[in-house]
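Take a look at the structure set out below.
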Number of protein chains: 2
Amino acid sequence: MYTWCRKRDGITVEKSSSNTHAARAMIELRQRIFDGSLAGGTRLFEVPLAEELGISRTPVREAMSRLAEEGLLDRARGGGFVVRSFRYKDVVDAIELRGVLEGTAVRLAAERGVDSAALIRIHKTLLRLDRCFGPEPGDVDVESYREFNGVFHEELATLSGSDVVLREIDRVNRLPFASPTAFLPDRGYHPNFRLTLPANQAQHRAIVAAIEAREGARAEALAREHARAARTNLEYFMAEHSNLIGSVPGLALVMN
Amino acid sequence: MYTWCRKRDGITVEKSSSNTHAARAMIELRQRIFDGSLAGGTRLFEVPLAEELGISRTPVREAMSRLAEEGLLDRARGGGFVVRSFRYKDVVDAIELRGVLEGTAVRLAAERGVDSAALIRIHKTLLRLDRCFGPEPGDVDVESYREFNGVFHEELATLSGSDVVLREIDRVNRLPFASPTAFLPDRGYHPNFRLTLPANQAQHRAIVAAIEAREGARAEALAREHARAARTNLEYFMAEHSNLIGSVPGLALVMN
DNA sequence: TTCCGGCACCATGTATACATGATGCGCCGT
DNA sequence: ACGGCGCATCATGTATACATGGTGCCGGAA
């Protein structure tokens, strides 16, 4: 275990620790990309970065390489890395892509049949989501709902039984604004957002029911429409509530 | 420009040159994975590899990192890389995935509309594909057909106008057995295979027509079915012509 | 005989010095 | 004044030495 003192203006402002320097550099860079302090198109130079992080070039290269794998950096012609630019349309497309991939996962699950143990597990998750709702409308434990929603989508992707599809879903979900949880209501949201959650959960149940009924086309269509809700929220945010953009994880990096 | 002498049994057997050591190491490793000499699950150790390639560990790490990006290597827990295992079902799923992604690309193209210049270009490619057919049935210039088929699929993906979707299509196409050209008839194939090409080209035309007519659902379904032909060929190969497996690029790495 | 602890080795992680290639600027010549 | 050539500088590419941490084996003790 290493310890790490990052200096800014000669004064230690942060101390962090983790397994390796490369891992911490990766986390730090990812953070800076997500919060927008490293804008899209910015070229990353190894030497200044290494100096700033107080480590050598080697782990910096390692970190950048992994971030390229993650899709947050592009390799520049002639070497080096550039922060990937995400425009509004790219966010829309990434959400669309998630819908398509989740749709494929559930269609395959319906067509090929699913393991009964996995089915029991996802039903448990559905119940946990149900229990987030109180007796009154708008009475929702949003924090728990967010958590179990993430679990549900993970289990849904697993139901396909396809490692290839699962891997691609994980990939697109690593873009924070494309993940199933990205536009789910948070504490900071207007209470009215919570009123949309019952419909959300109804879609969850319909998807699982379609899978059990071996209705692949219906499952696929439902999953796509389910993802579409995220796009609706995105459009609402960008148009009328641009002040809330910062509260959606990773939306700050989007350029227009 | 470097030159590179790889030694085996102490004797120089190969000499290769390229821009960087890392690039050549990447090409060499990719080759070994594709032809099956590095089986899935094999762990790659930096030091022996570096010695064998006559370079230092640094470019070897760089090469492995890029191959992980490409999806041919997995990062092992606790560091290091392992050759990714592809089973028969993974090939099936990769082809399915390509169909889904190409379907999405053409659906988006139909729904959102396409640039007329791009449309003219792809029509030219369609004409070039037509010209590969001679007057007699089975009289096909398969080499040219392969080439223009690749161009066609590339242009088709571009029609979507979505960088996000295009990137994912490129990604899946890097798996050689999933690319649109993988199972297209080659010189070595039985002449009967050439009789399937007119139907193949008819699908190409139908997809473009659907896009022009803004029929997104039809375009998507056609593209999926078009990819499905590759799966049919795959099944045929594995079942009855396993001796031909080696002639399909990258199919040698598939384990059962 | 079995289990636990320590030691040794090996693979990766990290730092650093040096090499190389690209790029941009300035000078010189026309 | 303009254009081309060359040099200087900088960023990445590469090699290598050393650090670290995990793992497996061996020996001793219960």
Side-chain angles (χ1 to χ4, degrees), chain A residues 1-7 12 14-30 32 38 41-70 72-84, chain B residues 1-7 12 14-30 32 38 41-70 72-84:
Chain A
M1 189 78 91
Y2 299 75
T3 59
W4 175 36
C5 302
R6 184 161 64 84
K7 292 182 182 175
T12 299
E14 201 174 329
K15 190 172 195 168
S16 167
S17 75
S18 173
N19 274 335
T20 65
H21 287 163
R24 281 177 299 107
M26 188 170 73
I27 292 168
E28 172 73 20
L29 288 177
R30 192 197 284 120
R32 293 192 193 180
L38 277 177
T42 306
R43 172 141 185 196
L44 298 181
F45 297 102
E46 296 174 3
V47 177
L49 260 179
E51 280 173 6
E52 190 183 346
L53 299 175
I55 58 181
S56 78
R57 285 172 54 210
T58 311
V60 171
R61 283 168 74 89
E62 173 72 14
M64 293 197 295
S65 179
R66 286 181 184 233
L67 288 172
E69 221 169 303
E70 205 171 316
L72 295 179
L73 299 181
D74 285 325
R75 291 183 188 272
R77 53 149 191 104
F81 295 86
V82 173
V83 179
R84 182 171 169 191
Chain B
M1 187 76 90
Y2 299 76
T3 58
W4 176 34
C5 302
R6 184 159 67 82
K7 292 181 183 175
T12 300
E14 201 174 330
K15 191 170 193 170
S16 167
S17 76
S18 173
N19 274 334
T20 65
H21 287 165
R24 283 179 295 107
M26 189 170 73
I27 292 168
E28 172 74 18
L29 288 176
R30 193 197 283 121
R32 293 191 193 182
L38 277 176
T42 306
R43 172 141 186 196
L44 297 182
F45 296 102
E46 295 174 4
V47 177
L49 260 179
E51 281 173 5
E52 191 183 346
L53 299 176
I55 58 181
S56 78
R57 286 172 52 208
T58 312
V60 172
R61 283 168 74 90
E62 173 72 14
M64 293 196 295
S65 179
R66 286 180 183 234
L67 288 173
E69 221 169 302
E70 204 170 315
L72 295 179
L73 299 181
D74 286 325
R75 289 185 189 270
R77 51 149 194 105
F81 295 85
V82 173
V83 178
R84 182 170 170 193

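Lettering of chains follows the sequences in order, A, B, ..., and the numbering in each one begins at 1.
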Which atom pair, heavy atoms only, marks the closest approach of [X] to [Y]?
X	Y	result
B:Val60	B:Ile55	CG2-CD1, 3.8 Å
A:Arg84	A:Asp74	CG-OD2, 3.8 Å
B:Ser65	B:Arg75	OG-NH2, 3.4 Å

Mind running side-chain contact (heavy atoms from CB on, under 4.5 Å) on A:Leu73 and A:Val83 for me, showing each step along the way?
-> CA-CA 5 Å; A:Leu73 299 181; A:Val83 179; 4.0 Å; yes
Using whole Å, what does the distance between atom [atom2] of nucleotide [N] and atom [atom1] of [X] come to?
X	N	atom1	atom2	result
A:Leu73	D:dT12	CG	P	12 Å
A:His21	D:dC18	NE2	C1'	14 Å
B:Arg57	C:dG13	CZ	P	8 Å
B:Phe81	C:dT12	CZ	P	9 Å

Quick note, A:Thr20 side chain, CB onward, closest among D:dT16, C:dC18, C:dG13 is C:dG13
Please tell me which of the listed nucleotides, C:dA15, D:dA15, D:dT16, lies nearest to the side chain of A:Ile55?
-> C:dA15
Any residue of residues 43-51 of chain B with a heavy atom less than 4.0 Å from an atom of DNA chain C | B:Arg43, B:Leu44, B:Phe45, B:Glu46, B:Val47
Evaluate the side-chain proximity of B:Arg66 to B:Glu70: yes if any heavy-atom separation is below 4.5 Å, no if none is.
-> no
B:Glu46 side, atom CD; B:Met64 side, atom CE - distance, nearest 0.5 Å | 4.5 Å
Phosphate OP1/OP2 of D:dA15: any B:Ser56 side-chain N/O under 4.0 Å | yes
So what does A:Arg77 hit on the nucleic acid, given a heavy-atom distance under 4.0 Å: a base, only sugar-phosphate, or nothing?
-> sugar-phosphate
Would you state whether a donor and an acceptor, one from the side chain of B:Arg61 and one from the base of C:dG13, lie under 3.5 Å apart?
-> no
